[in-house]
> 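The structure is given below, and queries will be raised subsequently.
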Amino acid sequence: MDTCTDYRDKDTHTPEYNRDVADDRRRILARTRLRRQQTSIIIHFDCFYAAVLENETPKLRNLPLAVQQKQIVVTCNYEARRRGLYKLQPIKEAKRVCPEAVIVLGEDLTRFREASKKNYSFLASFSWNSKAERLGFDEVFMDVSDMIEYNVGLLNHNHLTNSFFCLARNDPTAGFAYDASRVAGHTYPPDLAPPDLAPPDLVIDSPVQSDERLRLHLTLASHLAKHLRQQLEAQNGYTCTVGISTNKLLSKLAGNLHKPDDQTTLWPPYTADDSERDNVTSFIDGHEVGKIPGIGFNIAQKLRAHVLQREAEIDAGLVHGGTKEGVLAGHVRKHPDMGPETLERILGGPGVSHGIGGKIWRLLNGCDDTEVGLARHVPKQISLEDSYLRLDTMEQVLKELRMLAESLLKRMHADLLEDNEEEEEEEEEEEHGEDIVAVRHVTAVTPTDTIGKRWLAYPKTIRLSTRPRPPQTIDGSTRNRSFARISKSAPMPNFVFSLKDDVGEISARLVSESLVPLFRRLHPEKSRWDLSLVNVAATNMVDAASEKSRGVGRDISKMFKRQDHVLKQWRVDDYESKISAMEINQVETRGHHGRQTILLREHSIRGSEDFPTSSQESSLRNDAKWESEHEDDDDDDDDNGGHAMVGDDKFVCELCGAAMPIYAMATHSRFHKHERG
DNA sequence: GCGGGGAAG
DNA sequence: AATTCTTCCCCGC
């Protein structure tokens with residue numbers, strides 16, 4: 001075993017020997033508990049926000065450029081940074097430090113959002129497995145394991161210097177030439193031993209396992225990254241900074257080492273007999289705790305307090321990262337008794353995710369097994385907000401709500417609508433005749449002939465949030481605990497999905513029928529409030545059942561088979577007539593057990609007149625009978641007030657057979673009430 | 001489902 | 001200190 005120290009030439013009876021054995025056992029134990037995955041290759045891209053403006057106006061490129069929102073600089077280019085500007089700097093200070101800076105108003109994020117979408121789609125289009133995840137507007141993770149694996153298989157180990165990277169499995173000519181005997185770009189640590197030629201004939205048992213194979217995989221990934229960077233610049237005009245490693249945490253951190261417009265590969269060994277000597281540990285150890293992604297301000301403060309044995313001070317003078325304490329990840333990791341249990345004790349508490357200790361411990365050790373998310377076409381939520389120096393009259397509030405509502409509508413149209421191509425895809429295959437029957441019914445009701453557009457997803461909920469101005473305590477003790485927002489939500493009214501009505505009309509109606517009632521729920525007093533922020537959001541996004549997704553039909557037939565005790569009360573024609581009146585949406589419940597359920601949801605746009613407005617709905621709220629005490633349910637299946645329990649905490653509606661957690665049932669029964677008229 | 005909280009750029 | 005304008009995820013109920 002290469003992970004075990006060899007003791008053969010040591011005296012087996014000295015205390016040193018015993019200590020070594022103990023240490024080694026502990027290390028091995030620790031390592032097996034948090035085995036670093038070396039099965040994936042992840043690339044992290046960091047594009048650049050301010051570049052959007054530079055590209056629009058190239059002469060800005062060499063000038064110090066800052067983007068202003070309200071009273072602060074939200075971002076700035078490197079020239080501005082060189083002259084002392086920084087993120088979240090007060091605009092006054094920025095002007096004092098660098099009067100010649102060009103300051104651009106950037107409260108409207110449309111252009112940034114569009115650039116972000118364009119760059120993201122471009123990068124994601126290279127992916128084979130669709131694992132391409134956006135983080136904020138300017139970062140993208142890609143899991144390129146499959147591309148790398150495939151291209152390792154293509155290598156001719158006798159001619160590594162003349163290799164060809166294949167970008168498409170079905171087109172051997174798509175790709176680029178490269179030198180597989182050398183890494184592209186920088187590495188950490190910087191000075192590599194003379195070129196590590198891969199051994200000519202290694203047993204290829206994927207996935208990556210040995211350091212040797214990992215080196216080879218990372219080398220290929222570095223060339224892929226370089227190619228993607230070049231393409232992004234050539235095709236879209238954006239440079240980016242890239243990190244290459246085996247997980248999201250490490251690739252993101254590695255990228256920081258050489259910016260802007262460059263790339264860094266975190267080089268093996270990722271594990272070593274002496275845990276201090278592997279590159280991952282030394283790399284992570286050197287980071288200030290708060291710099292580890294996943295360790296936010298609160299957790300960082302608690303960790304600092306623990307190693308310093310006192311509250312960590314927040315140095316106002318050190319806005320640009322870090323505190324004057326300078327507590328490093330390594331300090332925390334090596335602190336006496338440190339480990340997942342200790343961390344759980346320090347960090348855990350009400351509202352904190354269970355297992356936070358283990359999670360932070362893994363981060364401190366460079367371990368991160370979170371998957372790169374699948375590429376997504378539609379957002380999960382759309383929200384807009386504005387902040388104010390003073391907002392304390394209903395008149396102002398109405399004005400703001402109108403603006404926000406109209407912007408929200410426009411965003412929904414921009415981000416959730418798709419051109420309605422009438423391509424009637426032929427029904428290929430299939431072995432289950434019943435699937436196809438179900439699919440046909442769904443297809444028949446999707447809005448087609450409206451205005452040449454169709455909804456890709458429907459937000460089911462509208463939410464209004466405000467941030468009351470923090471109460472000014474005149475006494476010195478500023479225990480301003482609450483800089484929090486408060487929110488209320490309601491069903492998204494159906495009329496917003498109309499494609500024939502005027503946007504202005506719809507948003508006016510949205511204000512009067514949804515947002516104003518929500519505002520009254522948030523702020524029942526006539527006056528007395530002063531808001532510093534208002535936010536409206538369209539949330540609870542449900543994908544529209546698309547003609548293309550055969551998965552819907554499958555799941556329906558699965559539901560028939562699995563839950564016939566519930567569904568037998570339906571005659572088939574009954575079911576089909578209901579189906580034709582509804583669109584079927586697949587809903588992923590992220591409940592405790594992550595089970596998939598199917599909800600049947602009305603959304604026929606033409607029928608929307610009969611449908612309740614949010615104010616009507618909220619007056620129908622009848623939550624009382626669902627009040628808690630579902631704690632100790634016994635599992636007797638059927639006698640549950642008309643709802644069959646299908647296991648754990650899922651219930652099945654006796655009217656439509658939908659399975660759902662108990663919390664969802666109040667709303668669901670309201671749905672049936674309206675359905676009946 | 002609802003409302004709050006935390007993390008990220 | 002928290003500042004902006006978002007997006008996503010998790011918790012307890």
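The sequence lines fix the lettering, A, B, ..., with proteins before strands; numbering per chain opens at 1.
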> Taking the side chain as every heavy atom from C-beta outward, state whether R113(A) and F137(A) have any pair of such atoms under 4.5 Å apart.
yes

> Can you list everything that forms a salt bridge (Lys or Arg N to Asp or Glu O under 4.0 Å) with R229(A)? Sequence neighbours excluded, please.
D261(A)

> Does a side-chain N or O from R411(A) land closer than 4.0 Å to OP1 or OP2 of dT7(C), or not?
yes

> Please work out if I72(A) contacts a base, only the sugar-phosphate, or nothing of the nucleic acid, heavy-atom cut-off 4.0 Å.
base

> Below the 4.0 Å mark, does dC5(C) have OP1 or OP2 next to a side-chain nitrogen or oxygen of S383(A)?
no

> Closer than 4.0 angstrom, basic N to acidic O: yes or no for R469(A) and D530(A)?
yes

> List for me each residue that meets ring pair (Phe, Tyr, Trp, His ring centres under 6.0 Å) alongside F45(A), sequence neighbours excluded, and say none if there are none.
none

> Can you find a pair of side-chain heavy atoms, one from E344(A) and one from W361(A), that are under 4.5 Å apart?
no

> In whole angstrom, what separates I356(A)'s CD1 from dC10(C)'s C1'?
10 Å

> Have a look at Q89(A) and say if it touches a base, only the backbone sugar-phosphate, or nothing, with a 4.0 Å heavy-atom cut-off.
nothing

> Taking only the side-chain heavy atoms of K87(A) (C-beta and beyond), determine which of dG9(B), dT4(C), dG3(B) contains the nearest atom.
dG9(B)

> What side-chain donor-acceptor pairs closer than 3.5 Å can you find for residues 405-414 of chain A, not counting sequence neighbours?
| from | atom 1 | to | atom 2 | distance (Å) |
| --- | --- | --- | --- | --- |
| E406(A) | OE2 | K410(A) | NZ | 3.4 |
| S407(A) | OG | M403(A) | O | 2.9 |
| R411(A) | NE | D415(A) | OD2 | 3.1 |
| R411(A) | NH2 | D415(A) | OD2 | 3.1 |

> Quick check for you: among dT6(C), dT3(C), dG9(B), whose closest atom lies nearest to any side-chain atom of L384(A)?
dT6(C)

> Check the distance between dA8(B)'s P and L363(A)'s CG and give it to me in whole angstrom.
10 Å

> Using a heavy-atom cut-off of under 4.0 Å over every strand shown, decide if K252(A) touches base, sugar-phosphate, or nothing.
sugar-phosphate

> To the nearest Å, give me how far apart OH (Y49(A)) and C1' (dG9(B)) are.
8 Å

> L135(A) has an atom CG; how far is it from atom P of dC8(C), in whole Å?
11 Å

> Under 4.0 Å, heavy atoms only, any strand: does Q71(A) hit a base, just the sugar-phosphate, or nothing?
nothing

> Can a side chain N or O of S487(A) be found less than 4.0 Å away from OP1 or OP2 on dG3(B)?
no

> When you measure from the side-chain N and O atoms of S489(A) to the phosphate of dG3(B), is any distance below 4.0 Å, counting only OP1 and OP2?
yes

> Please state how far atom CZ in F45(A) lies from atom C1' in dG9(B), giving the value in whole angstrom units.
18 Å

> When the distance from OH of Y120(A) to C1' of dC8(C) is rounded to whole Å, what number comes out?
13 Å

> Could you tell me whether the phosphate oxygens of dA8(B), OP1 or OP2, come under 4.0 Å of any side-chain nitrogen or oxygen in R134(A)?
no

> In whole angstrom, what separates R463(A)'s CZ from dT6(C)'s P?
13 Å

> For residues F497(A) and W455(A), report the shortest heavy-atom separation together with the two atoms involved.
O-NE1, 2.9 Å

> 5'-most contact on DNA chain C: S532(A) or V378(A), nearest heavy atom basis?
S532(A)

> To the side chain of I486(A), which of dG4(B), dC5(C), dT3(C) is closest?
dG4(B)

> Go through dT4(C), dT7(C), dC8(C) for me and flag the one nearest to the K380(A) side chain.
dC8(C)

> Does R521(A) put a side-chain nitrogen or oxygen below 4.0 Å from OP1 or OP2 of dG3(B)?
yes

> Go nucleotide by nucleotide along DNA chain C from the 5' end; which of H354(A) and P379(A) gets its closest nucleotide reached first?
P379(A)

> Closest approach to the side chain of S353(A), judged atom by atom: which nucleotide of dT4(C), dC11(C), dT6(C) is it?
dC11(C)

> Which nucleotide sits closest to the side chain of L109(A): dG3(B), dC5(C), dT4(C)?
dC5(C)

> Using a 4.0 Å heavy-atom cut-off, does D46(A) contact any base of the nucleic acid, only the sugar-phosphate backbone, or nothing at all?
nothing

> Any side-chain N or O of R113(A) less than 4.0 Å from the OP1 or OP2 oxygen of dT7(C)?
yes

> For dT4(C), does OP1 or OP2 lie under 4.0 Å from any side-chain N or O of R467(A)?
yes

> Could you tell me which residues satisfy ring pair (Phe, Tyr, Trp, His ring centres under 6.0 Å) with F112(A), sequence neighbours excluded, listed by chain and number?
Y49(A)

> Mind checking what makes ring pair (Phe, Tyr, Trp, His ring centres under 6.0 Å) contact with F48(A), not counting sequence neighbours?
Y78(A)

> Considering only the P atoms, how many Å lie between dT4(C) and dG3(B), rounded to the nearest integer?
24 Å

> Would you tabulate the pairs of protein nitrogen or oxygen atoms and nucleotide nitrogen or oxygen atoms of nucleotides 5-7 of chain B closer than 3.5 angstrom?
| from | atom 1 | to | atom 2 | distance (Å) |
| --- | --- | --- | --- | --- |
| dA7(B) | OP2 | N298(A) | ND2 | 2.9 |

> Take atom NZ of K248(A) and atom C1' of dC9(C), then tell me their distance rounded to the nearest Å.
11 Å

> Checking contacts here: which listed nucleotide (dG3(B), dG9(B), dC5(C)) is nearest the side-chain heavy atoms of D138(A)?
dG9(B)

> Donor-acceptor check, side chain of Q263(A) to backbone of V242(A), threshold 3.5 angstrom: yes or no?
no

> With the side chain of K70(A) defined as its heavy atoms from C-beta on, choose the nearest nucleotide among dT7(C), dT4(C), dG1(B).
dT4(C)

